[in-house]
Amino acid sequence: MYELKVRASKTYGITIAENLSLFTERVLPLITGASVAIITDDKVSALYGGALDGFFTAKRVIKIVIRHGEKSKNAANYLKIINALAENGFTREDTVIALGGGVIGDIAGFAASTYMRGITLIQVPTTLLAAVDSSVGGKTAIDLNAGKNLCGTFYQPSAVYINTGFLKTLPVKEIKNGLGEVIKYAFLSDTVRKEDIGDINAALIYKCLKIKRDIVEKDEKESGCRALLNLGHTVGHAIERLSGYKLSHGACVAKGMVYAVEVSKRIYGLSDETVSNMYALLKSGKHDLSCGYSAESIARQLAADKKRYGDRVNFIAVKDIGKAEIVKIKISDLKTMMEDYESSFKSV
Ligand SMILES: NC(=O)c1ccc[n+]([C@@H]2O[C@H](COP(=O)([O-])OP(=O)(O)OC[C@H]3O[C@@H](n4cnc5c(N)ncnc54)[C@H](O)[C@@H]3O)[C@@H](O)[C@H]2O)c1
Ligand SMILES: [Zn+2]
């Protein structure tokens, strides 16, 4: 069992356990109202929909189930959730529990943060990605037609309870999805090592979340160093969009990390040894690291990115494993470096 405390605008605990045996002690005291809404998706509901029921015999529990998948992280489901809370008479004393992956965490978090200007939120992640990333840090969101995560809030949960037992039913694709983020952490800090990555357990999740916690505590609202968590994401998001969201987020982050290495190599003149250590780390997630999209098409996506600053983007570069920094770089310069990588690749 591992525990972490996050000291942000709200102070809260993260429990990482192999079962639910600490749920009563760590989570129930935070649930003061009479009603609890468990928000989940249909797949998670079939597997674990009843897993928390025994803890709430003295409460009124409602369950709100939405269809699985990113398409469900939309305004219609957001309204469905908050209307269900209202119709069931939820007050500011009551609690929302997000039981699921990042889609559920984000939409339930957004609903909890806006319903009556904020009610208690408990995150119970069931995917590796949600466990190591989205359940912690307080970013909530829904997608709009114009793009992903365009509408959201910063709203910290009151607790995060990670039961690694839930992760046992994840298909390989979803494990790899989460491993994309795990590898990102391994580049941000040398505490997550290549050898750790093969074994998905509480210790690994703890190491990842400790890195995220330390960054979030310094910069909760992403005005500075929190951008480091976007390592691999600048290009990763572009690839995700180019794939029409057919490739998973983590798979795209892994591909984006290749560009982080290749661009960093060109910015800093990294030694061959450093680059080969970085590739060894990248390969440990067993992702397909080929890209399939041209530097030109990636640059075009970056130019359309809402997060750009004029003709520049924030690029997270790595001087070495454990030494990342934020570089504001011209999209045209990034394109030149990506093209140089592309031509070296073609000549091999
Ligand atoms: N808020 C943040 O800081 C943050 C960070 C990263 C990603 N995100 C968001 O997270 C979302 C992606 O999250 P995700 O990858 O967890 O996707 P997801 O929630 O869609 O889950 C992936 C799939 O796994 C299924 N599933 C969930 N738990 C399972 C289990 N234990 N066993 C078997 N199947 C299970 C789900 O039903 C779904 O089909 C995106 O919307 C992304 O924008 C948010
Ligand atoms: Zn990510």
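We count ligands from 1, going down the list as the structure has it; atoms in each ligand are counted the same way. Not measured: the values here are computed from a predicted model.
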Please write down residue, atom name and distance for the protein heavy atom closest to [atom].
atom: atom 21 (O) of ligand 1; answer: Thr127 CG2, 3.6 Å
atom: atom 35 (C) of ligand 1; answer: Leu170 CD2, 3.7 Å
atom: atom 9 (C) of ligand 1; answer: Asp106 OD2, 3.4 Å
atom: atom 42 (C) of ligand 1; answer: Lys73 NZ, 3.8 Å
atom: atom 33 (C) of ligand 1; answer: Thr169 O, 3.3 Å
atom: atom 7 (C) of ligand 1; answer: Leu129 CD2, 3.6 Å
atom: atom 4 (C) of ligand 1; answer: Ser134 CB, 3.2 Å

Would you check the N or O atoms of [X], main chain and side chain alike, for any that come under 3.5 Å of an N or O of ligand 1?
X: Thr126; answer: yes
X: His249; answer: no
X: Glu181; answer: no
X: Phe166; answer: yes
X: Thr140; answer: no

Checklist entry - If you check every N/O/S atom of Glu181, which is the one nearest the Zn ion (ligand 2)? => result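 Sorting the N, O and S atoms of Glu181 by distance to the Zn ion (ligand 2) puts OE2 first.
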
Does one side chain, of [X] or [Y], offer a donor that lies under 3.5 Å from an acceptor on the other?
X: Thr140; Y: Thr153; answer: yes
X: Glu220; Y: Ser9; answer: yes
X: Lys73; Y: Asn149; answer: yes
X: Glu18; Y: Asn201; answer: no
X: Tyr12; Y: Gln123; answer: no
X: His249; Y: Glu181; answer: yes

Basic-acidic side-chain contact under 4.0 Å: [X], [Y]:
X: Arg266; Y: Asp340; answer: yes
X: Arg67; Y: Asp41; answer: no
X: Arg60; Y: Asp94; answer: no
X: Lys59; Y: Asp53; answer: no

Practice item. Check step by step if side-chain hydrogen bond (donor to acceptor under 3.5 Å, both in side chains) holds for Ser276 and Asp272. Key: CA-CA 6 Å; Ser276 92; Asp272 289 348; over 6 Å; no

Closest to atom 14 (P) of ligand 1 (judged by heavy-atom distance), picking from Gly102, Ala141, Ala98
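Of the listed residues, Gly102 has the closest heavy atom.
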
Proximal ligand 1 atoms for [X], defined as those under 4.0 Å from one of its heavy atoms:
X: Asp41; result: 36 (C), 37 (O)
X: Glu174; result: 22 (C), 23 (C), 24 (O)
X: Asp133; result: 5 (C), 6 (C)
X: Val44; result: 26 (N), 27 (C), 28 (N)
X: Lys212; result: 3 (O)
X: Tyr48; result: 31 (N)
X: Lys43; result: 37 (O), 39 (O)
X: Leu47; result: 32 (N), 33 (C)

Taking 4.0 Å as the limit for heavy-atom contacts, which would you say applies to [X] with ligand 1: side chain only, backbone only, both, or neither?
X: Asp143; value: neither
X: His237; value: neither
X: Val103; value: both
X: Asn177; value: side chain
X: His68; value: side chain
X: Glu70; value: side chain
X: Asp42; value: neither

TODO: Examine Tyr48 and Ile104 and state if one hydrophobic cluster contains both, with Ile, Leu, Val, Met, Phe, Trp and Tyr joined whenever side-chain heavy atoms are less than 4.5 Å apart.
DONE: no

Is the gap between the ring centers of Tyr341 and Tyr259 under 6.0 Å? yes

I need the minimum non-hydrogen distance between [X] and [Y], along with the two atoms involved.
X: Thr127; Y: Gly102; value: OG1-N, 4.1 Å
X: Ala131; Y: Pro125; value: N-CB, 3.7 Å
X: Leu128; Y: Leu170; value: N-CD1, 3.4 Å

Anything under 30° is parallel, anything over 60° is perpendicular, the rest tilted; go ahead and classify Phe23 against Phe56.
->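 Judged by the thresholds at 30° and 60°, the geometry between Phe23 and Phe56 is perpendicular.
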
(Q) Using 2.8 Å as the threshold, say whether any N, O or S atom from Asp133 sits that close to the Zn ion (ligand 2). (A) no

